[in-house]
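Structure, as structure tokens:
Indexing begins at 1, ligand by ligand and atom by atom, following the structure's order.
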Amino acid sequence: MIDFKDKIAEEISKVLELTKEELKEYIEIPKDTKMGDYALPCFKLAKEMKKSPVIIANEIKEKIEMPNKYISKIEAVNGFLNIFINNEILIENVLDEMESKKENYGSSNIGNGKNIIVEYSSPNIAKPFHVGHLRTTVIGRALYNMYKFLGYNTIGINHLGDWGTQFGKLIEGYKRFGNEYDLEENPIDKLTEIYVRINELCKEDESVLDDCRNNFKKLEDGDEYCTQVWQKFKDLSLKEFQRIYDILDVHFDSNNGESFYSDKMQEVVDILRKNNKLLESQGAEIVDLEYKNMPPLMVTKSNGSTTYATRDLAAILYRARTYDFDKCIYVVAYEQNLHFKQVFEVAKFLDLDEKYTNGLIHVPYGMVRLKTGKMSTREGTLIKLEDILKEAISRAQAIIEEKNPNLEGKEDIAKKVGIGAVIFNDMSNNIIKDEVFDWDIMLNFQGETGPYIQYMYVRTKSILEKENYTMNKETVDISELEEHGIELIKQIYSFNDIVKQAVDKNEPSIISRYLIDVAKLYSSFYNDNKIIVEDEKIKNTRLCLTYMVGNVLKIGTGLLGMEMPDRM
Ligand code: ARG
């Protein structure tokens, strides 16, 4: 697509002693469209040029040669240079792109040749998959899609929590009371129960804790019984997780979790030792991080077993070699901020190329706060995601039942709407913010929600179907586009840039907010303008706009991981 910002910067650079790249840093998109499509706040140049912003703005305005292919009007207002782009060129450009790229509109290949790892979901074996894991799953998948859309080679990894001292405990619990439980049915609930029981026993009796620690040591050493029991826990858990992944339609390129690194940690220890980074502390081995004002990172425990952090370090080594990553993104709750700061710091001592250590990125997200009484459970009990997803679907079903009881394919639609509502809610605000989980808010068809966007999409779809419309840019008459129409096309134009911004910041909510804006704008357009009118020119122009809006809504929600219903 034409990069208007680039073109404008180029024009200005011809009349100023600044490079195009420098100018691009300064040029902004004004909030109020009356102030132009782009603006250069000249106070940013005032110091260097030793002139007042007002004078600078006026001078640039005078010097830029008009008429200009890309610029229709320039104004100097209060030290701002306001630039209005040539709408006709923009609209033609959007029409060309849309017609040629269709469902790939907005995609690009800027990421070609770059490898991006997105690590997400990563639930813990034998523990419930809870709402926190829903956020990483949904956000991670969105990031994965977004990078892919821009041409990056993207690798999705589910770093399963399937290793660690807790399995020593669980094995001990299973040994002691496993025969009281039928693990085939609701295995995770039962394993959780076993885990709670053995923990209590450990508190009462120190020797039980020793047995547990021993079990994990044995597991690390490949003991047959321990491995077999652990594998059973893992298989049962994965089967449960898979049901959730199926509902969400989430996939991974690799499921190499913590246990995958059980034989790859010695190297980490060896390198750290060779580099004199390991200190002994009460039998354990640690890396001092005092100089960074952080607590030390424990690499091996006093009984010789490894830690969560050591596995993360081994994973970094492995991923650097296997995937040659440019970025390795960890979508993990902000509770683990310190952990990742420590791990990324220690990774600098692993003799890796800086490319890799600079590419380690923790993308933290906020907690999920539960609103309704039913969802806030007693302390210690986590809410199971599967129940939430099922409730979302049944609530969507109830709404459909009430509003449109004769709708065909109700069940499938309820699923798309219910799950879509949950997914959108997870990313409707900056992901670092704590999320409020409130059914009434997220399922409000009039609110800033997933279902609202789906609803607007379905509207576009039904209009287009009625007219049997396929896009043909030749039938569009630009002069028939009114204010809202032009504004909409400008929004559609910015879609690719929105995805780039979202990728640069690892912030999917940039896309969700954009989609809300597009849907709202279309809604105003639709309220002010009949689409199906007598005049063929006007009708075709409005139909094309409708098609483009629908397409962008579908592509954008697809990036977020939502599915669009055809009817609602
Ligand atoms: N399994 C962990 C948890 O549920 C998350 C793993 C995060 N990823 C990592 N590489 N440490 O809390």
Side-chain angles (χ1 to χ4, degrees), residues 116-141 143-144 155-167 169-170 188 191-192 195 216 230 233-234 237-238 240-241 244-245 250 252-262 264-265 268 294 297-299 306-320 322-323 325 327-347 350 352 356-357 359-368 380-386 426 431-432 506:
I116 307 292
I117 293 177
V118 184
E119 192 211 278
Y120 59 108
S121 197
S122 312
N124 301 317
I125 297 298
K127 286 209 190 142
F129 198 122
H130 57 79
V131 283
H133 289 123
L134 167 67
R135 280 205 95 182
T136 153
T137 305
V138 161
I139 293 167
R141 184 246 308 260
L143 289 174
Y144 179 94
I155 305 114
I157 301 182
N158 188 1
H159 187 76
L160 285 171
D162 58 359
W163 209 243
T165 38
Q166 71 273 25
F167 291 100
K169 284 188 177 169
L170 206 54
I188 291 184
L191 290 171
T192 310
Y195 189 71
F216 181 56
W230 167 82
F233 299 156
K234 183 166 171 172
S237 307
L238 283 180
E240 297 255 306
F241 297 159
I244 293 164
Y245 294 139
V250 166
F252 302 95
D253 301 306
S254 162
N255 282 302
N256 287 342
E258 294 184 40
S259 66
F260 179 75
Y261 302 100
S262 58
K264 298 174 181 62
M265 282 176 281
V268 170
M294 287 191 273
L297 187 77
M298 195 190 287
V299 177
T306 58
T307 67
Y308 175 55
T310 329
R311 292 187 278 284
D312 264 327
L313 290 167
I316 291 170
L317 271 187
Y318 177 83
R319 290 172 185 176
T322 310
Y323 302 108
F325 63 79
K327 285 186 195 172
C328 178
I329 295 170
Y330 298 79
V331 185
V332 184
Y334 68 61
E335 280 100 328
Q336 297 196 33
N337 275 357
L338 176 63
H339 166 79
F340 284 106
K341 270 199 190 145
Q342 291 174 303
V343 167
F344 294 173
E345 189 56 31
V346 175
L350 292 180
L352 281 168
Y356 302 118
T357 46
L360 300 168
I361 301 168
H362 176 207
V363 174
Y365 58 84
M367 283 184 335
V368 183
T381 13
L382 294 163
I383 291 122
K384 280 203 288 172
L385 182 57
E386 199 174 353
D426 258 329
I431 57 172
I432 190 68
N506 292 310

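Shown in contact with Tyr330 at under 4.0 Å from a heavy atom are these atoms of ligand 1, numbered in order with element: 10 (N). Ligand-side atoms of ligand 1 in range of His159: 8 (N), 9 (C), 10 (N), range being under 4.0 angstrom from any heavy atom.
Using a 4.0 Å cut-off between heavy atoms, Phe340 contacts ligand 1 through its side chain alone, with no backbone atom that close.
Inclusion of Tyr308 in the set of residues having an N or O under 3.5 Å from an N or O of ligand 1 is warranted.
Aromatic ring pairs are classed by plane angle as parallel below 30°, tilted from 30° to 60° and perpendicular above 60°; the pair Tyr318 and Tyr261 is perpendicular.
Of all protein heavy atoms, the one lying nearest to atom 4 (O) of ligand 1 is His133 NE2, 2.8 Å. Shortest contact from atom 8 (N) of ligand 1 to any protein heavy atom: Glu119 OE2, 2.7 Å. Nearest protein heavy-atom contact of atom 10 (N) of ligand 1 is Asp312 OD1, 2.6 Å. Among all protein heavy atoms, the one lying closest to atom 1 (N) of ligand 1 is Asn124 OD1, 2.6 Å.
Contact annotation: Gln336 has at least one heavy atom less than 4.0 Å from an atom of ligand 1. Residue contacts with ligand 1 do not include Lys127, since none of its heavy atoms lies under 4.0 Å from the ligand.
When the shell of 6.0 Å around NZ of Lys234 is examined, it contains more than 12 heavy atoms from other residues, nucleotides or ligands.
For the residue pair Tyr245/Asn158, the side-chain donor-acceptor check at 3.5 Å is satisfied. Counting only N and O atoms by type, the side chains of Tyr323 and Asp253 include no donor and acceptor under 3.5 Å apart.
With rounding to the nearest 0.5 Å, the separation of CH2 in Trp230 from CG in Leu170 is 12.5 Å.
The six-membered or imidazole ring of Tyr334 lies away from that of Tyr365, with a centre-to-centre distance of 6.0 Å or more.
Stacking of Lys127 on the aromatic ring of Phe129 is not recorded, the 6.0 Å distance cut-off and the 45° axial limit not both being met.
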